[in-house]
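If you're wondering where the values come from, they're calculated on a predicted model, not measured in any experiment.
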Amino acid sequence: MTAAGVNAAARWRDRVAASDPGLLRLAAGLRTVAAISLTLAVLSLLGADVQHLVAGAIAAMVATFAIREKQRPRQAVTLALGLPVALASVSVAALLGTRQVAGDVFFVVLIFCAVYGRRFGDRGTTLGLVGFQVYFLALFVGVTTDSLAGFCAVIAVAFACSAVARFALVPQTPAGILERLRQAFRARLAQLIDAQLELLDAGPDDVDKALEHAREGTAQLHETAMMIQGRLEEGTSDQAVARLVQRRIADAEITAERLGLMLLTARGAERADTLTMHLPGAPLPEGGHLPVRDGALDTLRRDLTDLQLLVRQPGADGAATARVRNRLLGYRDEENLPAASPDVQDVFRGLGEAARAVLGLRIALDGPQDESEDSPETARSREELDAEDAAIAAEEEEPQETGLRRPTTRAAVQVAVGSSLAMVGGELLSAHRWYWAVLTCWIVFLNTASTGEILVKGYRRLLGTVLGVVAGILLAGNVGHHTWTAFAVVLLCVFAMFYTAPLSYTLMSFFVTAALGVLYTLLHTYSLSVLVLRIEETALGAACGVVAAALVLPVKTDRRTNELLTTVLDRLTDVTSDAVDQLSGGPPAELLDRARDLDEALADLRAATQPLTHPVTPLRTRRDTAQYVVALLETCAYHARSLAATAELLPTHPSIAADPRLRGAGQRILHNIGAIAARVAEEPAATAEVLTGPSIASLLKPGGIGTPRYGRVTDRVLRHLQRLDEAVLGLARPLGVPVTRPPGVPVAGPTV
């Protein structure tokens, strides 16, 4: 194959790996389709009729997607426990089928227990989900006491086929998933560098689009890093290996984001604010609409391309690859920098640090490699990495809420009330299809925690259902009378449903409803009125869910976001305090673990603000404020991660030395974070104000030390502290926290 063909194939693999990190969505879709197909094949060989085939397909789908554990032995145990739960659920449904009141009461109790079971972890969630979905299955296909034995046999076959699909046909191991996530991280890192190349060359008309691509690439790289963090414990051989991979992933992410900021600075007449990379629509630095004009531009473009190749082809050893790596790592020494403006030289320094991070990532993921072509600069980088690796090799529980304040108990009560309302209203609409309203009410409560989140999810489900009804009408008319063609269409819809579920809840609802139109045709119960009724029941169920969430033990969106915001600020305090303490000469701490906790808390907050930032929200000012606050917190998290990563280098890096003065400089930042957290939490005694004053650099040395440069690690610590100080001050205004400043000192903060 030619070099162009190899590059094209590599880019195609990168796109696939980056679009579905770890191939988790692809595996989920294929596994579910395999389970359903195998179930249909076995049942057809046993001579099952269409009604039993439909029941088997739904049971196989439930048995497959309900499993949540990551370890295969635990998955097997949960699947084995799920079968008796499913058989008990379908049996009770058949026995109570002719007793409407008793059946309705039991269904509400089952719903409460299924939601309450979430407090017992993944296994409790799975068993509750199986119990509810199989009861719904019994109502959907009309299981009676006379046909119960046959349907129990069908469910047993479906669970057996689900096990075969999970453990034999589409197997996934924690180590395999982690390996694919690593590949996705490399692919997304290469794509981010590609976006940075685009940003380097973009003209005045294209620069905003190029900046948005760089923002998206930065966010996607961080998303993949978080996914890897969540899989390290199960996917690695021991704790030391997990910490090493965690360290190298963090290094690569931080240096890649820093490189983008340096490119933004090189384009403008002033330093780029980190907020520019996190706030959609944030403007470029002054003068940033003109591309870089410097004699070293061609060299810079070549080196960015070479860095991208090192990321894309980690296993490509040879003299040519070694020369590229040596040249890029050489930029870590001042004498090797090309003649250029100071800002462009900073980009070359950033390239050197990024090349070092890529080298460390390769050693951590791929093991030792040929060192015969190493330059002195590359050998020095390897020695630093080895020292860090050797250092890497050599929490308190939070109080839990009880009673009705416990999230699982509150959600169970809310779902039970909402389902009761949906049941009554659904039966008024249809005595035979009322369960669709209950199903919708149940679903809008899954993975939601506030009234606003439930409202947005209900809206998305209704929109997807309306569009799916249109598709269902078309599909039913074309394939509904051809049994196996119809089942093939259902399988395609099921695959699409699982593949798109993490991306768009609307799309998932669309494919579910389209598949139901075909299933109704197979059961000879299809009509246009049935699909219209589906829309009505869906709207009713979503409305009942919103009413229950708003009136029964309500958790308003403001309260939810304030609680999560307080958690983020507390995590930010932990990371910053420990990092500054270690940089000041204090004892080592689990800094990267704390940084991961901060990132997870921030991800929860970002999800909770979706009702506030949804495009259809009429409160535009509130939406802009929420986006601004989240972007500021992402900026704070980036600088805190960078400080944590630098602090962990302290014992081994020759360019970093502990400075006790940093502890005093960090006190103002920690005070300000605490003051904001107290105000957000509405503590009765929260009277502290945010303080501003001289820059961090001037606090460390009388008269200041000039503007820190990104190229020196010690100066970079000051830069991160200064930017963190400004970002925390920036949070005070939108959150309504008063700011106190000495006379003549302006209020600092982000310039965006």
Side-chain angles (χ1 to χ4, degrees), residues 23-68 75-76 78-80 82-83 86-87 89-90 126 129-130 132-141 143 150-172 439 468 471-472 475-476 479-480 482-502 507-523:
L23 302 181
L24 297 177
R25 290 186 287 120
L26 178 64
L30 290 177
R31 186 166 52 243
T32 307
V33 168
I36 295 174
S37 301
L38 186 58
T39 301
L40 293 176
V42 173
L43 292 178
S44 63
L45 291 176
L46 296 175
D49 58 22
V50 172
Q51 190 178 29
H52 287 86
L53 290 176
V54 171
I58 297 175
M61 182 176 69
V62 171
T64 305
F65 80 76
I67 304 297
R68 294 170 177 264
Q75 292 175 359
T78 301
L79 190 59
L83 179 57
L87 295 178
S89 183
V90 73
T126 295
L129 189 59
V130 168
F132 172 83
Q133 293 286 0
V134 172
Y135 195 94
F136 170 82
L137 161 65
L139 298 175
F140 181 72
V141 298
V143 179
F151 281 105
C152 285
V154 166
I155 291 173
V157 169
F159 270 73
C161 292
S162 174
V164 172
R166 176 175 295 277
F167 300 116
L169 299 181
V170 191
Q172 276 190 308
L439 178 67
L475 290 173
V479 303
H482 306 281
T483 301
W484 292 110
T485 303
F487 272 119
V489 171
V490 170
L491 289 175
L492 288 175
C493 289
V494 167
F495 175 81
M497 175 180 70
F498 282 94
Y499 193 78
T500 60
L507 276 178
M508 188 197 77
S509 301
F510 166 81
F511 287 114
V512 169
T513 305
L516 285 173
V518 180
L519 289 178
Y520 273 131
T521 305
L522 291 173
L523 293 172

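A 4.5 Å side-chain heavy-atom check between Q172 and Q75 finds every atom pair outside the cut-off. Between V62 and F65, the closest side-chain pair of non-hydrogen atoms falls below 4.5 Å. Residues S89 and V130 form no side-chain contact, since every pair of their non-hydrogen atoms from C-beta on lies 4.5 Å or further apart. F495 has its side chain within reach of L26: a pair of non-hydrogen atoms, C-beta onward, lies under 4.5 Å apart. Residues Y135 and L139 have side chains in contact (heavy-atom distance under 4.5 Å, counting atoms from C-beta outward).
Counting all heavy atoms, side chain and backbone alike, A27 lies closest to V170 at O-CG1, 4.0 Å. Between L43 and G56, the closest heavy-atom pair is CD1-CA, 4.0 Å. Contact detail for C161 and V42: the closest heavy-atom pair is SG-CG2, 4.0 Å. Closest heavy-atom contact between L79 and A63: CD1-O, 3.6 Å. For the residue pair L83 and A156, the shortest heavy atom distance occurs at CD1-CA, 3.9 Å. Closest approach of V490 to A515, counting heavy atoms only: CG2-O, 4.1 Å.
Take F511 and apply the ring pair (Phe, Tyr, Trp, His ring centres under 6.0 Å) test, not counting sequence neighbours, and it matches no residue. With sequence neighbours excluded, the residues satisfying side-chain hydrogen bond (donor to acceptor under 3.5 Å, both in side chains) with T513 are R534. In this view, F151 and H52 satisfy the ring pair (Phe, Tyr, Trp, His ring centres under 6.0 Å) rule, not counting sequence neighbours. By the ring pair (Phe, Tyr, Trp, His ring centres under 6.0 Å) test, F140 pairs with W436, Y520, sequence neighbours left out. When the salt bridge (charged side-chain N to carboxylate O under 4.0 Å, His left out) test is applied to R25, the partners found at least two apart in sequence or on another chain are D20.
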Original post:
Can C493 and V512 be said to form a side-chain contact (heavy atoms from CB on, under 4.5 Å), step by step?
Top reply: CA-CA 7 Å; C493 289; V512 169; over 6 Å; no
Original post:
Step by step, would you call F498 with M61 a side-chain contact (heavy atoms from CB on, under 4.5 Å)?
Top reply: CA-CA 10 Å; F498 282 94; M61 182 176 69; 4.0 Å; yes
**OP:** May I have the step-by-step check of side-chain contact (heavy atoms from CB on, under 4.5 Å) for L137 and V90, ending in yes or no?
**Re:** CA-CA 8 Å; L137 161 65; V90 73; 5.9 Å; no
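Separating the CD1 atom in I58 from the CG atom in L516 is a distance of 7.5 Å, to the nearest 0.5 Å. Put simply, CG on L439 and CD on Q133 are 6.0 Å apart, with the number rounded to the nearest 0.5 Å. Here the CG atom belonging to L30 is positioned 10.5 Å from the CG atom belonging to L169, to the nearest 0.5 angstrom. To the nearest 0.5 Å, atom CG of residue L129 and atom CD1 of residue I67 are 9.5 Å apart. Taking OG from S37 and CG from L491, the interatomic distance works out to 4.5 Å, rounded to the nearest 0.5 Å. Put simply, CE on M497 and CZ on F510 are 13.0 Å apart, with the number rounded to the nearest 0.5 Å.
Under the 30°/60° scheme for interplanar angles, the aromatic rings of W484 and F487 are found to be tilted.
Remark: side-chain polar atoms of Q51 are paired, donor with acceptor, to backbone N or O of V141 under 3.5 angstrom. Side-chain atoms of S162 do not come within 3.5 Å of backbone N or O of A35 as any donor-acceptor pair.
For residues 29-57, no pair satisfies salt bridge (charged side-chain N to carboxylate O under 4.0 Å, His left out), with sequence neighbours left out.
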